[in-house]
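Encoded as C-alpha cells, the structure appears first; notes follow it.
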Amino acid sequence: MSTDRLLASRRLDVALALVAQGDYAAAAEVAQAAISADARWDEAHFTLGDIYERAGEAENAIEAYRQYLILDPIDRMGGEVRLTLLGAAAMRDRLPPDYVRALFDDYAPRFEISLRDRLSYRGPELLFEAVREQLDAMAGPIEVLDLGCGTGLVAEVFGGAVDMIDGIDLSPRMINRAQAKGLYRTLIAGDITAMPDELGVGYGLVVAADVLNYLGDLAPALRAAHARMKPGGLMVFSLEHGDVFPYDLGPGQRFRHHERAMDEWLRECGFAVLSDTYGTLRQEKGSPVEGRIMVVRATDGMDLLASDVAQLREQDLLVAQTVH
C-alpha cells in the first residue's frame, strides 16, 4: 500500500465513522480529503457518492459516482445501479454481473446469519410449500437444478424430498460455502443466463429462490432453464411484484417485475403457469417484502398450440353467447 493510499484509507475510515454518527457534512469533507490524498482510489469516490446520497445531495452524489465509474469501468461496487436509482442512468436489463459477483463474494461469510436471523428470509420454504404436492406426484428419480444456489439454503429445504441437486451461482465464494455442506451433486460458478456444459439436462425441477430479481429481462434466464428441463418438468421461483411494465429497479437494488410481462415471458419461453401466489419473502428495514411464488410447467410447441386453440374457442363461445 502506497503512503498516499494509506493516508487516504485512514481518512476514509474516519469518514465512515462520521456516517455512522449521522454527520454527513463532516463525513463528506473527510472523504474529499481522502480523495485529495489518492485521487485514483475508486472506492473513495464511491463512498463520497454514498455519503452525498444519504445527505440528500443528489447532484453531488451523481458526480461522485460518475468519477468512480471512470476509475472502475467494470463497476464492482455498483455505481451504475446507484445512478439508475438517482435517475441519472438508463435502466439496464440486469445488474452488472461483476457487481453481483463481488457483492456476494463479500457477503458469503455472513450471508446465512444476515438472511435468516436479521431478515427472516423464508424463500426456500415458501417455494417448497408451493411445489410440495407436485413433488409427491412426480416419478423418481427427481433431479433438481438450483439457480443462484448461494450457500445451499434450497438444498437444505428440498434435499429430503428429491434425489439429486445441482447448483449454479455467480459467486465462487458462495459456491465454496455450499460445497462444504455436501448436499449437491455438482456445483458450478457461472451465469444462469448462459449455463456451462458441466451442468446436465433433463431436470425434473428447477428452483430459483431470490435470484431472478437481480435480472430485469427474464427471457434469457427462462430460456436457459427450459433448455435444461425435461418436457413437463416444473420450475418454481420467487419474484418481487412491480407496477411498472415490464420491470423497474426498487430502492433495495432489486428488480420488480410486472405481472403482464411475466405472462408474456413465460409463454414466449415455453412455460405454462400452474400457480401464482403471494407471500412474505423477508424483512427489509423492518418492513415485510411481499413477493410472488410461481410454479410453472415446461411445455412444448404442441402444448402451447392446444392452449391457444382452447382460448380461441372460449372467446368464440363468449362472443356467440353475447350475440344471442
Side-chain angles (χ1 to χ4, degrees), residues 1-111 113-115 118-119 150 169-174 176-177 189 191 213-216 249-255 284-285:
M1 183 179 291
S2 68
T3 302
D4 287 346
R5 178 62 58 86
L6 181 60
L7 176 59
S9 179
R10 289 171 176 168
R11 290 175 176 175
L12 202 62
D13 286 342
V14 173
L16 292 172
L18 291 167
V19 168
Q21 297 172 13
D23 191 346
Y24 301 129
E29 184 176 343
V30 178
Q32 288 169 337
I35 291 171
S36 69
D38 188 348
R40 300 293 301 172
W41 192 17
D42 53 1
E43 184 177 335
H45 288 277
F46 184 92
T47 302
L48 179 60
D50 180 69
I51 293 168
Y52 279 135
E53 190 174 355
R54 290 169 184 265
E57 299 183 34
E59 292 302 318
N60 286 333
I62 289 169
E63 177 59 28
Y65 289 137
R66 285 174 173 164
Q67 288 298 316
Y68 158 75
L69 285 170
I70 291 172
L71 297 171
D72 181 19
I74 293 177
D75 193 16
R76 294 180 180 86
M77 299 186 74
E80 185 176 313
V81 177
R82 297 297 189 95
L83 289 175
T84 300
L85 291 171
L86 288 167
M91 182 82 67
R92 292 192 179 269
D93 61 2
R94 65 179 296 172
L95 296 184
D98 287 295
Y99 162 61
V100 176
R101 184 182 298 108
L103 176 69
F104 283 99
D105 274 348
D106 179 67
Y107 199 19
R110 60 189 187 280
F111 179 74
I113 292 176
S114 178
L115 277 185
R118 299 175 187 170
L119 303 181
D169 197 278
L170 204 56
S171 164
R173 290 186 180 176
M174 287 286 198
N176 290 341
R177 295 267 168 171
D191 192 325
N213 48 20
Y214 293 97
L215 303 172
L249 190 62
Q253 299 184 27
R254 296 177 181 87
F255 286 101
E284 193 168 280
K285 296 181 179 179

For this session: Ignoring hydrogens and angles, tell me if any N or O in the side chain of His45 forms a donor-acceptor pair with the backbone of Arg66 under 3.5 Å.
Result: no
For this session: Flag the pair Arg82 and Asp50 as a salt bridge only when some basic side-chain nitrogen lies within less than 4.0 angstrom of an acidic carboxylate oxygen.
Result: yes
For this session: Output all residues satisfying ring-ring contact (aromatic ring centres under 6.0 Å, His included) with Phe46, sequence neighbours left out; order by chain, then residue number.
Result: Tyr65, Tyr68
Problem set entry | Ser36 side-chain N/O to Ala33 backbone N/O, donor-acceptor pair under 3.5 Å | yes
Got a list of side-chain donor-acceptor pairs under 3.5 Å for residues 21-32, not counting sequence neighbours?
unit_1	atom_1	unit_2	atom_2	d
Asp23	OD1	Ala26	N	3.3
Gln32	NE2	Tyr52	OH	2.6

Exercise. Under a 4.5 Å cut-off applied to non-hydrogen side-chain atoms, are Gln253 and Leu85 in contact?
Worked result: yes
For this session: Could you check if a side-chain atom of Met77 sits within less than 4.5 angstrom of a side-chain atom of Tyr99, using non-hydrogen atoms only?
Result: no
Exercise. Hey, what do you get for CG (Leu86) to CD (Glu53), rounding to the nearest 0.5 Å?
Worked result: 4.5 Å
Problem set entry | Flag if over 12 foreign heavy atoms under 6.0 Å of CZ, Arg76 | no
Exercise. Does a side-chain heavy-atom distance below 4.5 Å link Ile62 with Glu59?
Worked result: yes
Seminar exercise, completed: The reported gap from CZ in Phe255 to CG in Asn213 (rounded to nearest 0.5 angstrom) is 9.5 Å
Problem set entry | Closest contact, heavy atoms only, Ala44 versus Ile35 | CB-CG1, 3.7 Å
Problem set entry | Test log, rule side-chain contact (heavy atoms from CB on, under 4.5 Å), inputs Leu12 and Trp41 | CA-CA 11 Å; Leu12 202 62; Trp41 192 17; 3.7 Å; yes
Exercise. Is the Phe111 ring parallel, tilted or perpendicular to the Tyr107 ring (thresholds 30°, 60°)?
Worked result: perpendicular
For this session: Measure the shortest side-chain to side-chain distance between Leu69 and Leu83 over non-hydrogen atoms and say whether it is less than 4.5 angstrom.
Result: yes
Seminar exercise, completed: Heavy atoms of Ala90 and Thr84 approach each other most closely as O-OG1, 3.7 Å
For this session: Measure the CD-CE distance between Glu80 and Met91 for me, rounded to the nearest 0.5 Å.
Result: 11.0 Å
For this session: Grab the two heavy atoms, one from Asp169 and one from Gly150, that are nearest each other, plus how far apart they are.
Result: OD2-N, 2.8 Å
Exercise. Are any non-hydrogen side-chain atoms of Leu18 and Ile51 less than 4.5 angstrom apart?
Worked result: no
Exercise. What distance separates Asp72 CG from Glu43 CD, expressed to the nearest 0.5 Å?
Worked result: 10.5 Å
Problem set entry | Where at least one partner belongs to residues 94-106, residue pairs that pass salt bridge (Lys or Arg N to Asp or Glu O under 4.0 Å), sequence neighbours excluded | Arg94-Asp191, Asp98-Arg101, Asp106-Arg110
Exercise. Is the backbone of Asp38 close enough, under 3.5 Å, to the side chain of Asp4 for a donor and an acceptor to pair up by distance?
Worked result: no
